[in-house]
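Comments concern the structure below.
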Amino acid sequence: MQTFRYAKSQIAIHWLAAALIVFLLVTGTFVLAELPNTPAKTGNLRIHMILGALAGLFVITRIVLRKRLPAPPSSAGDKLARAGHLALNLVVLLLAVSGTVLALQSGAFDAVFGAGSLPEDFRQFTPRQIHGLASRVAMGLIALHMLAALYHQFIVKDGLLARMGLGSRKPDRLR
Ligand code: HEM
Ligand code: HEM
């Protein structure tokens, strides 16, 4: 029964990852990027690095689960949805990888978890440009993803959010 939903593990990890990613995007933009690289910044950076790596692991877990578990029956606009989900997964992975490379290359990793000091400014490093750009692309994709979900839920009225555990489905409307 209930094959129209993703598995409980997939639903849990989707919402955990979503909350984490929104937190990282907001605090990254409005806190981290605004702070000068003084030693006082290392606490913030530590949280960002750990949670950022966790977000990357969530996405990998999600991709593995998606391959292993039977998928719920496809929804309307399936091709577009698949392309959108692929793009979302890729951009979050790119954020985790570019962030990690930046931390290693700039010495921030040592400063935060060891004894080094922070670079004067992260912006001199190419992975920082990639990380910043990817964060803006992620914001755009997430906004589109939310709009698409809300469009299905409230305009098409096909109960799409039930696939991610919210509410009940309208069986005749979801293919
Ligand atoms: C904020 C970051 C978010 C990311 C990165 C994200 C990513 C994804 C991905 C990759 C999928 C495909 C399923 C999977 O691979 O596990 C998915 C499905 C879904 N998401 Fe999100 N999501 C986010 C937030 C949201 C929000 C805020 C909503 C609700 C407004 C939402 C509603 C859904 C729904 C309903 C599905 C199932 C769609 C279908 O099966 O066609 N997501 N999401
Ligand atoms: C999904 C995961 C991640 C998200 C959503 C994310 C998001 C962000 C955002 C929005 C910014 C500010 C960009 C700007 O305003 O230009 C930022 C900066 C940064 N992030 Fe991440 N990040 C993630 C993962 C990581 C990881 C894994 C690391 C390192 C291990 C990392 C290290 C950094 C560093 C060093 C900065 C620069 C801060 C500065 O310029 O002062 N990030 N991140």
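Indexing begins at 1, ligand by ligand and atom by atom, following the structure's order.
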Point to revise | Subset of ligand 1 atoms that lie under 4.0 Å from at least one heavy atom of A18 | key: 1 (C), 2 (C), 3 (C), 23 (C), 24 (C)
Check your understanding: With atoms numbered from 1 as shown, which atoms in ligand 1 lie under 4.0 angstrom from a non-hydrogen atom of L160?
Key -> 35 (C), 41 (O)
Check your understanding: For ligand 1, which atoms, with element, lie under 4.0 Å from some heavy atom of M146?
Key -> 26 (C), 27 (C)
Practice item. Would you mind telling me if ligand 1 is within reach of the side chain of H85, the backbone, both or neither, using heavy atoms under 4.0 Å? Key: both
Practice item. Tell me who clusters with L150, hydrophobic residues only, linked when side chains sit under 4.5 Å apart either directly or through other members. Key: F154
**Study point:** Donor-acceptor under 3.5 Å (R5 side chain, M164 main chain)
**Key:** no
Revision key, fill the gap. Note: with side-chain heavy atoms under 4.5 Å as the link, the other cluster members for F125 come out as L32, L45, M49, I50, L102, L104, F109, V112, F113, L118, F122
Practice item. Enumerate the residue pairs fulfilling salt bridge (Lys or Arg N to Asp or Glu O under 4.0 Å) with a member in residues 114-124, sequence neighbours excluded, ordered by first and then second residue. Key: D121-R123
Review point. Is H131 reaching over with its side chain to a backbone N or O of S98, donor-acceptor style, under 3.5 angstrom?
Key: no
Check your understanding: Which class fits the ring pair H145 and H85: parallel under 30°, tilted 30 to 60°, perpendicular over 60°?
Key -> perpendicular
Check your understanding: Is R66 in polar range of ligand 1, meaning some N or O pair under 3.5 Å apart?
Key -> no
Review point. Is atom 21 (Fe) of ligand 1 under 2.8 Å from any N, O or S atom of H14?
Key: yes
Practice item. Could you give me the CA-CA distance, side-chain angles and deciding distance for R62 and Q10, then say whether side chain to side chain contact (heavy atoms under 4.5 Å, CB included) is met? Key: CA-CA 7 Å; R62 182 149 83 194; Q10 285 170 301; 5.9 Å; no
Check your understanding: Which is it for Q10 and ligand 1 at heavy atoms under 4.0 Å: side chain, backbone, both or neither?
Key -> neither
Which pairs of nitrogen or oxygen atoms, taken one from ligand 2 and one from the protein, are under 3.5 angstrom apart?
unit_1	atom_1	unit_2	atom_2	d
ligand 2	15 (O)	R136	NH2	3.1
ligand 2	16 (O)	R128	NH1	3.2
ligand 2	16 (O)	R128	NH2	3.1
ligand 2	20 (N)	H48	NE2	2.9
ligand 2	20 (N)	H131	NE2	2.9
ligand 2	22 (N)	H48	NE2	2.8
ligand 2	22 (N)	H131	NE2	2.9
ligand 2	40 (O)	R128	NE	2.7
ligand 2	40 (O)	R128	NH2	3.1
ligand 2	41 (O)	L32	O	3.4
ligand 2	41 (O)	K41	NZ	2.5
ligand 2	42 (N)	H48	NE2	3.0
ligand 2	42 (N)	H131	NE2	3.0
ligand 2	43 (N)	H48	NE2	2.8
ligand 2	43 (N)	H131	NE2	2.8

Check your understanding: Taking side chain as C-beta onward, heavy atoms only, is N44 less than 4.5 Å from T27?
Key -> no
Exercise for review: Measure H152 to ligand 1 on non-hydrogen atoms and call it side chain, backbone, both or neither using the 4.0 Å cut-off.
Suggested key: neither
Practice item. Kindly compute the distance separating CZ (F58) from CG (L20), expressed to the nearest 0.5 Å. Key: 6.5 Å
Review point. Can you check whether P39's main-chain N or O pairs, donor with acceptor, with T42's side chain at less than 3.5 Å?
Key: yes
Review point. Which ligand 1 atoms, with their elements, are less than 4.0 angstrom from a heavy-atom of L161?
Key: 29 (C), 35 (C)
